[in-house]
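Because the structure is predicted, anything quoted here is derived from the model rather than measured.
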Amino acid sequence: MEEKVIHEKENERFVIYVESYEVYVEYTMRNSIIDLHHTYTHPALRGKGLAALVVKAAFEFAKENNLKVIPTCSYVQAFTRKNEQYKELVID
């Protein structure tokens with residue numbers, strides 16, 4: 001099951017919709033820095049790897065747009081530790 005990640009720029013988030021449920025990572029952006037500050041997975045969708053998909057989409061967006069990432073959210077911090085290919089984007 002490959003879910004589609006949608007970049008909702010107007011809401012400053014990357015989101016996956018499954019039926020009436022959502023999984024998302026919210027961000028704020030200033031200059032060339034994106035702060036990934038909050039992730040949410042509806043309880044019915046937890047444990048399916050969907051949060052990783054939205055966070056990966058956010059990192060890919062940062063990479064494509066030459067942005068640095070502030071991983072404020074603890075889930076994003078854990079994702080970064082497990083996905084070393086994105087560490088060069090992270091601001092310590």
Side-chain angles (χ1 to χ4, degrees):
M1 162 173 96
E2 184 63 30
E3 300 296 339
K4 180 176 167 67
V5 179
I6 300 166
H7 185 188
E8 293 182 346
K9 291 179 184 178
E10 67 281 3
N11 294 323
E12 294 187 317
R13 68 184 191 161
F14 291 85
V15 63
I16 294 172
Y17 293 100
V18 179
E19 298 171 14
S20 61
Y21 305 126
E22 298 179 332
V23 176
Y24 58 82
V25 60
E26 295 177 328
Y27 66 85
T28 54
M29 192 149 34
R30 56 190 178 280
N31 302 320
S32 60
I33 298 171
I34 185 168
D35 182 352
L36 303 178
H37 59 79
H38 179 69
T39 57
Y40 174 76
T41 303
H42 188 280
L45 301 175
R46 291 183 183 159
K48 300 178 187 296
L50 299 175
L53 291 178
V54 293
V55 172
K56 179 180 178 185
F59 270 98
E60 287 296 323
F61 174 80
K63 188 175 180 180
E64 292 166 8
N65 292 279
N66 298 314
L67 303 173
K68 289 294 186 181
V69 177
I70 299 173
T72 302
C73 173
S74 60
Y75 180 84
V76 176
Q77 293 168 11
F79 177 90
T80 304
R81 286 191 296 273
K82 293 177 186 173
N83 295 274
E84 302 223 354
Q85 70 269 32
Y86 298 118
K87 284 191 177 185
E88 74 275 1
L89 301 175
V90 175
I91 297 175
D92 293 328

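Residues Leu67 and Val54 are members of one and the same hydrophobic cluster, defined by side-chain heavy-atom contacts under 4.5 angstrom among Ile, Leu, Val, Met, Phe, Trp and Tyr. The hydrophobic clustering, which links ILVMFWY residues whose side-chain heavy atoms are closer than 4.5 Å, places Val55 and Tyr86 together. Under a hydrophobic clustering in which Ile, Leu, Val, Met, Phe, Trp and Tyr are joined whenever their side-chain heavy atoms come within less than 4.5 Å, directly or via other members, Val18 and Leu53 fall into the same cluster. Hydrophobic clustering (ILVMFWY, side-chain heavy atoms < 4.5 Å, transitive): Tyr40 and Tyr75 are in distinct clusters. One hydrophobic cluster holds both Val90 and Phe79 under the rule that ILVMFWY side chains link at heavy-atom gaps under 4.5 Å.
Considering CG of Asn65 and CD1 of Ile34, their distance stands at 8.5 Å, rounded to 0.5 Å. Interatomic distance, His42 NE2 to Lys48 NZ, rounded to the nearest 0.5 Å: 12.0 Å. Between the OG1 atom in Thr41 and the OH atom in Tyr24 there is a gap of 9.0 Å [rounded to 0.5 Å].
Qualifying side chain to side chain donor-acceptor pair (under 3.5 Å) partners for Tyr27, counting only residues two or more places apart in sequence or in other chains: His7. The side chain to side chain contact (heavy atoms under 4.5 Å, CB included) test applied to Asn31 returns no partner, not counting sequence neighbours. Residues meeting the ring-ring contact (aromatic ring centres under 6.0 Å, His included) test with Tyr17, sequence neighbours left out: none. Partners of Thr72 under the side chain to side chain donor-acceptor pair (under 3.5 Å) rule, at least two apart in sequence or in another chain, are Asp35.
Counting heavy atoms from C-beta on, the side chains of Leu36 and Val69 come closer than 4.5 Å. Between His38 and Cys73 the shortest side-chain heavy-atom distance does not fall below 4.5 Å. Using a 4.5 Å cut-off on side-chain heavy atoms (C-beta onward), Lys4 and Ile16 make no contact.
Evaluation of the salt bridge (Lys or Arg N to Asp or Glu O under 4.0 Å) test over residues 5-26, restricted to residues two or more places apart or in two chains, returns Glu8-Arg13, Arg13-Glu22. Residues in residues 60-87 take part in these salt bridge (Lys or Arg N to Asp or Glu O under 4.0 Å) pairs, two or more places apart or across chains: Glu84-Lys87.
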Determine, step by step, whether Phe14 and Phe61 satisfy the ring-ring contact (aromatic ring centres under 6.0 Å, His included) criterion, reporting the C-alpha distance in whole Å, the side-chain angles of both residues, the deciding distance to 0.1 Å, and the verdict.
CA-CA 10 Å; Phe14 291 85; Phe61 174 80; 5.7 Å; yes

Would you please test Val76 and Thr39 for side-chain contact (heavy atoms from CB on, under 4.5 Å) and show each step?
CA-CA 8 Å; Val76 176; Thr39 57; 4.0 Å; yes

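Through direct or indirect side-chain contacts shorter than 4.5 Å among Ile, Leu, Val, Met, Phe, Trp and Tyr, Ile33 is connected to Ile70, Ile91.
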